[in-house]
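Okay, so here's the structure we're looking at.
All values below were derived from every heavy atom in this structure, side-chain atoms included, with hydrogens, water molecules and symmetry-related copies excluded. None of these values were measured; they are calculated from a predicted model.
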Amino acid sequence: MQIIRTIQEMQNIISQLKHSGQKIGFVPTMGYLHKAHLFLIKKSREENNVTILSIYVNPTQFNNPEDLEKYPRNFEKDEKLAKKEDVDFIFYPNNKEMYPDGMKYIDYTNSFMQGLCASTRQGHFEGVVTIVSKLFNIIQPTKTYFGQKDYQQSLIIKQMIKDLDYNIEFVMCPLIREPDGVAMSSRNAMLTKEQRNNAIVLFKSLLSARELIQNNETNTKTIKENIKNIINNIEETKIDYIELRNADTLEEIDQINEINKNNGKVVIALAVFFGNVRLIDNIIV
Ligand code: AMP
């Protein structure tokens, strides 16, 4: 496994790999790797000849400087985990390398970049599409792997690949949970022990909402209220949003039967603060 810190060196390697017809799998991350990241890596290993993992905490997608500063990092540990998974290259650039001339955002938006996390994290997805498109330009992967945990992000990137004619196959991998049901996240490391135990409430509230739907509750307001009550019962929580949307289009829905008519699916997505730590979770019904 090689660690590559400059764009120039990464591009030289990509040229050689492309020249010899290698299939390149690419897994972009912000590091502090956990089992869900390793799942994406495994999938890439299965489906490609070469797997490139990027580790970069991208400043332009953070709407809060304190959050950026506190985001967990541990490159040595990540390096060991990646090596164990037989990653071929870690692309590990610094800010000077990625944004040398003070560039901020590319001017690209799509219809998925509204509502949900876009409403409450101003500029977040503008930063995400900027860094991901820069990484795609550098790495030119055959396939790229994203997780359902960041469901809105996945739809945005899938659409961006289409809109900007990237010749990349997009793969969305399932949401991976801890044994108790908490969605795996690097941010879980920022929780106190008590907050971490309480975080189970997110999955519990989603399961309860799913049950309501399965018992023919169709009013999304009622379902949201139910989730809200469950979460508000837990100390130190502050709801950022709870939304039920069409899982394909992310359009808002009032009545579940609008979706049922077209055999569609609903994504129930939420973001909740535990103290200062914002966690997201979702379920598709
Ligand atoms: P991050 O390092 O948090 O930016 O995540 C990098 C990639 O891993 C993204 O595509 C995430 O959606 C994915 N990912 C993170 N946590 C999970 C999870 N619990 N289940 C599935 N994918 C995840």
Side-chain angles (χ1 to χ4, degrees), residues 28 30 58-65 67-68 103-136 144 146-166 168 170-175 183 185 187 202 205-206 209-210 213 218-225 227-228 231 238-273 277-285:
M30 298 206 295
N58 172 40
T60 67
Q61 72 189 69
F62 281 80
N63 52 325
N64 174 347
D67 187 30
L68 170 63
M103 173 205 180
K104 256 208 133 175
Y105 297 123
I106 58 163
D107 189 4
Y108 167 79
T109 48
N110 65 44
S111 64
F112 298 112
M113 290 165 75
Q114 290 163 6
L116 304 163
C117 290
S119 305
T120 57
R121 293 189 75 188
Q122 292 281 318
H124 169 63
F125 287 124
E126 286 75 1
V128 169
V129 297
T130 299
I131 194 63
V132 173
S133 66
K134 280 169 74 70
L135 291 168
F136 282 172
T144 189
F146 283 74
Q148 190 208 308
K149 195 199 136 222
D150 300 85
Y151 189 66
Q152 184 177 20
Q153 169 175 281
S154 286
L155 295 188
I156 290 168
I157 299 301
K158 192 173 167 201
Q159 185 63 40
M160 182 182 84
I161 287 174
K162 251 192 187 167
D163 287 343
L164 301 186
D165 308 303
Y166 282 110
I168 301 171
F170 180 88
V171 182
M172 179 160 30
C173 296
L175 197 160
S185 167
R187 288 181 188 275
L202 301 186
S205 71
L206 290 172
R210 182 172 73 184
I213 294 174
T218 64
N219 188 326
T220 56
K221 264 204 192 113
T222 312
I223 300 163
K224 276 189 219 172
E225 258 329 286
I227 297 175
K228 199 170 139 188
I231 294 173
K238 193 172 140 258
I239 294 171
D240 192 35
Y241 68 75
I242 301 165
E243 300 242 17
L244 281 85
R245 298 214 166 195
N246 180 318
D248 295 321
T249 64
L250 288 192
E251 279 161 349
E252 282 182 76
I253 37 178
D254 292 331
Q255 292 291 328
I256 302 282
N257 22 2
E258 294 164 27
I259 297 275
N260 285 345
K261 266 189 282 182
N262 302 318
N263 263 338
K265 290 193 170 132
V266 179
V267 58
I268 313 174
L270 45 78
V272 175
F273 285 95
V277 185
R278 183 177 174 278
L279 300 182
I280 57 172
D281 201 345
N282 69 77
I283 196 171
I284 293 174
V285 184

Per-pair distances, 0.1 Å, donor-acceptor, side chain in residues 277-285, under 3.5 Å, sequence neighbours excluded:
unit_1	atom_1	unit_2	atom_2	d
Arg278	NE	Asp240	OD2	2.8
Arg278	NH2	Thr120	OG1	3.4
Arg278	NH2	Asp240	OD2	3.1
Asp281	OD1	Arg177	NH1	3.4
Asp281	OD1	Arg177	NH2	2.9
Asp281	OD2	Arg177	NH1	3.0
Asn282	OD1	Gln148	NE2	2.7
Asn282	ND2	Gln148	O	3.0
Asn282	ND2	Lys149	O	3.2

Identify, with sequence neighbours excluded, every residue that meets side chain to side chain contact (heavy atoms under 4.5 Å, CB included) alongside Ser205. Ile227, Ile230, Ile231, Leu270

May I ask you to test the Ile213-Leu244 pair for a side-chain heavy-atom distance under 4.5 Å? yes

Out of curiosity, Lys228 NZ to Lys221 NZ, how far, rounded to the nearest 0.5 Å? 11.5 Å

Flag the pair Phe136 / Ile157 as yes when at least one side-chain heavy-atom distance between them is below 4.5 Å, and no otherwise. yes

Work out which heavy atom in Phe125 is nearest to a heavy atom in Ala118; give both atom names and the distance. CE1-N, 3.6 Å

Contacts of Asp67 that satisfy side chain to side chain contact (heavy atoms under 4.5 Å, CB included) - sequence neighbours left out: Phe62, Asn64, Arg121, Arg187, Met190

Taking all non-hydrogen atoms of both residues, which atom of Cys117 and which atom of Tyr241 are closest, and how far apart? SG-OH, 3.0 Å

Closest heavy-atom pair and its distance - Glu126, Met113: N-CE, 4.1 Å

OG1 of Thr109 to CG of Asp107, rounded to nearest 0.5 Å, is 7.0 Å

Within the distance-only criterion (no hydrogens, no angle test), does the side chain of Tyr151 pair as donor or acceptor with the backbone N or O of Leu175 below 3.5 angstrom? no

For Thr130 and Lys104, which heavy atoms make the closest approach, and how far apart are they? CG2-O, 3.5 Å

Could you tell me if the side chain of Thr220 sits less than 4.5 Å from the side chain of Val266, heavy atoms only? no

Rounded to the nearest 0.5 Å, how far does CD of Gln152 lie from CZ of Arg245? 7.5 Å

Interatomic distance, Gln255 atom CD to Thr218 atom OG1 [nearest 0.5 angstrom]: 4.0 Å

Roughly how far, to the nearest 0.5 Å, is CG of Asn58 from CG of Leu68? 9.0 Å

Side chain to side chain contact (heavy atoms under 4.5 Å, CB included) with Ser111: which residues, sequence neighbours excluded? none

Candidate pair Asp163 and Asn110, rule side chain to side chain contact (heavy atoms under 4.5 Å, CB included), full reasoning: CA-CA 9 Å; Asp163 287 343; Asn110 65 44; 4.0 Å; yes

So, using salt bridge (charged side-chain N to carboxylate O under 4.0 Å, His left out) as the criterion, who are the partners of Glu251 when residues are at least two apart? none

Report yes if the side chains of Leu250 and Leu116 come closer than 4.5 Å at any heavy-atom pair, otherwise no. yes

Quick check: are there more than 12 heavy atoms from other residues, nucleotides or ligands sitting under 6.0 Å from NZ of Lys134? yes

Which of parallel (below 30°), tilted (30 to 60°) and perpendicular (above 60°) describes Phe170 and Phe146? parallel

Check Phe112 against Leu155 and note the closest heavy-atom contact, atom names and distance. CD1-O, 3.6 Å

Only counting residues at least two apart or in another chain, list the ones meeting side chain to side chain contact (heavy atoms under 4.5 Å, CB included) with Ser133. Ile106, Met160, Tyr166

How long is the gap from CD1 on Ile168 to NZ on Lys162, to the nearest 0.5 Å? 14.5 Å

Please tell me if the side chains of Ile161 and Thr144 come closer than 4.5 Å, counting only heavy atoms from C-beta onward. yes

Closest approach of Asn246 to Ile253 (non-hydrogen atoms, all atoms of both residues): N-CD1, 4.1 Å

